[in-house]
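The sequence lines fix the lettering, A, B, ..., with proteins before strands; numbering per chain opens at 1. These values consider heavy atoms only, across backbone and side chains, with no hydrogens, waters or symmetry-generated copies. Everything numeric here is computed off the predicted structure, so don't read it as measured data.
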Protein chains: 2
Amino acid sequence: MAQAGAAVTLSDVAREAGVSVATASRALNGSERTVRPDLAERVAAAAKLLDYSANAQAQAMAKGATTVVGLIVHDIADPYFSAIASGVSRAADDAGLLVMLSATLGRPEQEVRYLRALRAQRGRAAIIVGSRRTERDRALDAEIAAFEQAGGRVVAISQARLPVDTLVIENRAGATALARELTALGYSRFGVLAGPADLITAQDRHRGFTQGVVAAGHPAPTAVHGDFTRDGGYRAMTELLDSAGELDCVFAVNDVMAMGAIAACRDRGIRLPDDLALAGFDDIATLRDISPSLTTVRLPLTELGEQAMSLVAEAPAGSPRRRRVKGSVVVRDSTPPRHSQR
Amino acid sequence: MAQAGAAVTLSDVAREAGVSVATASRALNGSERTVRPDLAERVAAAAKLLDYSANAQAQAMAKGATTVVGLIVHDIADPYFSAIASGVSRAADDAGLLVMLSATLGRPEQEVRYLRALRAQRGRAAIIVGSRRTERDRALDAEIAAFEQAGGRVVAISQARLPVDTLVIENRAGATALARELTALGYSRFGVLAGPADLITAQDRHRGFTQGVVAAGHPAPTAVHGDFTRDGGYRAMTELLDSAGELDCVFAVNDVMAMGAIAACRDRGIRLPDDLALAGFDDIATLRDISPSLTTVRLPLTELGEQAMSLVAEAPAGSPRRRRVKGSVVVRDSTPPRHSQR
DNA sequence: CCTAACTGGGTAAGCGCTTTCCCTCAGTGT
DNA sequence: ACACTGAGGGAAAGCGCTTACCCAGTTAGG
């Protein structure tokens, strides 16, 4: 065995097999050219003997193409993102690609940093997941351009704010549909845990919901903003409970916030769904089983990840493609039909 | 602008700045040697002008070291793993490293495949997370050796089965402690959702729990095996409910299975915790807030990820290091004190 | 039989960096 | 003045692959 750090190289294998490196390369890593069977066999044997593993960096350099795909999410511990990541991972696996994970923790400048790092890696593509902010991010636009200039593909999951192929989630329509269901169930005084004011996903869901409620002839919901997290939901719910008047149903703009809302209710002694109904958005797995099970708008998260990967595989179109993704309302126990107590 | 695919190279920058590539390299990417300030500035300006980004592959090849760390988990959508991944990600970020994610979906041969891919990438390290199986995996041992031979570090999180630095989770002790608490609360007839029979983590937790129960003078729990997943928990719980006699408390060997158990109870009309108490293991975030909140054994998942990264950074010891990680029992509402109804 | 067309091995030129090594030039000490 | 040193620029040798390109040996067609 060679000493540590001295990896086996192709020329080691070639020498062992008694052929040139060209032949070894052709035999092991495939090419147009065929290699005489007996030689191919000898090379394979040598490679196996030495436990050779081709240096992917060198290969990438020589052929000018890597097998790395970057995945940029806000927070991998958040079930929303981890479900998407799971889909990406599976699809990448099928395509023989490797996934480079980065979590921005909500800091937009990190997106730029990671994309830059990915460009340095000459990544084949980048998948950017997560809501855009209202304010346009010039630095990100520039880095995206540079990344594509270098031959990489970029795909986004969220809003059509970036000049790249995008899986656009129909937040607004989904929230409106939810509002419609909820009003049909008999609810009329709504509260909204609205998420961060500058996060487009949060805005869209909030607006869509409001629109649906108003369309049904009810007053616009009382909204409280807060982080797009469990703690944000907790705080927003607490504030809503303190400030708002009588409410019969609360809509958390995502399930993770609903999670926090549930905790806040528990701490306040408010029983769900008897004292108050609650609905979320996303349909993250863990909230399907709790009791009361959460009414929400289901998004096909894992498939979203897979679809993003398939967009990566397709040839780039002249202009950015937009693929709309619908959510479907799932009514569960947290919003039972309300028999108006008049 | 150059045409697509033609990335800017160091020699482009050097030409633009009117210096040699050597100087450009020294100015941009640092080295022992210093560069005269005015030249350095000119190079920096040229780099900025051309939006140069060093080819990491080429750098890696030239200096023989990459900045990639591999993370191998069973399933990134599982909150247990995503929490750990979150810690790894954060720590990698601080260390200026990139994380390559792979999900084995429980197939041991995938671990080997990924580790091999990581070796091809000349990854600096690999972090393998997740329970080992009883059967020894020679292929994995061999690939680990090869990986280290090539200069990479390997760290595991789970059991001390692999010949590498490991964060060993005290599953057994944790489960015993949990049993002790539970018996102290007055429970005596236990069931266990035991996970896969050949998964060591599951075994250890099951055994530890049994030991604790028996030590308290109660009969050994009835066990039902099942996948280490939500669905596995659901099925195991259903089976347990059908087959076992009167039970007052069920221990799911991980929280995700407990999730399924909760669903099974709901579908059977069994109220938690009134009709039955339930406890889990891991303390995944989403289960802290539901009601009844789940009694479990808390594991510092995120920190586990961070610690693994710090082990990666440390110089390798002569023989594998083992760092024991304790869980702490957290009693919540799913196991209220039981006032024995005799 | 002779030559054209293949087949398939080897040589060597990169891919984009880092890093020796060499060399010039300015600043020192005497 | 003069050898001596250190600072710092540049040429060039790799790092480990792939892939033209060249060329010898076969086979096939006439």
Side-chain angles (χ1 to χ4, degrees), chain A residues 2 5-44 46-47 50-67 117 119-124 150-151, chain B residues 2 5-43 46-47 50-67 117 119-124 149-151:
Chain A
V8 179
T9 75
L10 185 59
S11 65
D12 294 334
V13 175
R15 189 173 332 111
E16 175 74 27
V19 299
S20 71
V21 288
T23 302
S25 169
R26 295 197 264 252
L28 290 177
N29 306 320
S31 82
E32 306 287 271
R33 298 276 305 265
T34 58
V35 170
R36 218 193 317 138
D38 58 323
L39 286 192
E41 212 161 292
R42 244 163 58 204
V43 173
L50 300 175
D51 197 8
Y52 169 73
S53 163
N55 184 329
Q57 321 266 354
Q59 287 187 298
M61 243 179 89
K63 44 172 122 168
T66 61
T67 59
R119 170 152 68 105
Q121 294 291 329
R122 297 299 182 267
R124 181 178 296 194
Chain B
V8 178
T9 74
L10 186 58
S11 64
D12 293 333
V13 175
R15 189 174 332 110
E16 175 73 28
V19 299
S20 72
V21 288
T23 302
S25 167
R26 295 197 264 251
L28 289 176
N29 307 318
S31 83
E32 306 287 271
R33 298 275 304 264
T34 58
V35 170
R36 217 192 319 136
D38 58 323
L39 286 191
E41 211 161 291
R42 246 163 58 207
V43 173
L50 301 175
D51 198 7
Y52 168 73
S53 164
N55 184 328
Q57 320 266 355
Q59 288 187 292
M61 244 181 89
K63 43 173 120 167
T66 61
T67 58
R119 169 151 70 104
Q121 294 291 329
R122 298 300 183 265
R124 182 179 294 194
Q149 171 66 35

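Rotation axes derived from the C1' atoms of the five outermost pairs at either end of the helix from C:dC1-D:dG30 to C:dT30-D:dA1 lie 40° apart, to the nearest 10°.
Taking atom CG of residue A:Leu28 and atom P of nucleotide C:dG9, one finds them 13 Å apart after rounding to whole Å. Distance, B:Lys63 NZ to C:dG16 P: 17 Å, rounded to whole Å. Counting to the nearest Å, the P atom of D:dA7 and the CD atom of B:Glu32 are 13 Å from each other. If you take CG of B:Asn55 and P of C:dG14, they are 18 Å apart, rounded to a whole angstrom. As a whole-Å value, the separation of A:Met61 CE from C:dC15 P is 9 Å. Atoms CG (B:Asp12) and P (C:dC15) sit 11 Å apart, rounded to a whole Å. Rounded to whole angstrom, the span from the CZ atom of A:Arg122 across to the P atom of C:dG16 amounts to 8 Å. The separation between A:Leu10 atom CG and C:dA12 atom P is 17 Å, rounded to whole Å.
By the salt bridge (charged side-chain N to carboxylate O under 4.0 Å, His left out) test, A:Asp51 is found to be paired with B:Arg116, B:Arg119, residues two or more places apart in sequence or in another chain being considered.
Contact annotation: A:Thr23 reaches the phosphate of C:dG10 (side-chain N/O to OP1 or OP2, under 4.0 Å). For B:Asn29 and C:dT18, the shortest distance from a side-chain N or O to OP1 or OP2 is below 4.0 Å. Not one side-chain nitrogen or oxygen of B:Ser20 sits closer than 4.0 Å to the OP1 or OP2 atom of D:dA11. A close approach under 4.0 Å does not occur between any side-chain nitrogen or oxygen of B:Thr9 and OP1 or OP2 of C:dG16. Contact between the side-chain N/O atoms of A:Ser25 and the OP1/OP2 oxygens of D:dT18 is found at a separation under 4.0 Å.
Closest approach to the B:Ala22 side chain among C:dG8, D:dG16, C:dT19 is made by C:dT19 (side chain taken as heavy atoms from C-beta onward). Closest to the side chain of A:Thr34, out of C:dG8, D:dT19, C:dC17, is C:dG8. Comparing C:dC17, C:dG9, D:dG16 by their closest approach to the side chain of A:Val35 singles out C:dG9.
Between B:Asp38 and B:Glu41, the closest side-chain pair of non-hydrogen atoms is not below 4.5 Å. Residues A:Val35 and A:Val43 form no side-chain contact, since every pair of their non-hydrogen atoms from C-beta on lies 4.5 Å or further apart.
Checked by distance alone, A:Arg26 brings a side-chain donor or acceptor within 3.5 Å of a matching partner on the base of C:dG10. Counting distance only, with no hydrogens placed and no angle test, the side-chain atoms of A:Arg36 and the base atoms of C:dG8 include no donor-acceptor pair under 3.5 Å.
Separating the CZ atom in A:Arg124 from the OG1 atom in A:Thr67 is a distance of 6.5 Å, to the nearest 0.5 Å. Atom CZ of A:Arg26 is separated from atom CZ of A:Arg36 by 12.5 Å, given to the nearest 0.5 angstrom.
Using modelled atom types, no side-chain atom of B:Gln57 and backbone atom of A:Arg122 make a donor-acceptor pair closer than 3.5 Å. Using a distance-only test at 3.5 Å, with no hydrogens or angles considered, no donor-acceptor pair links the side chain of B:Ser11 to the main chain of B:Ala14.
Considering every non-hydrogen atom in both A:Thr66 and A:Ala60, the closest pair reads CG2-CB, 3.7 Å.
The residue among A:Arg33 and A:Val21 whose nearest nucleotide of DNA chain C is located toward the 5' end is A:Arg33.
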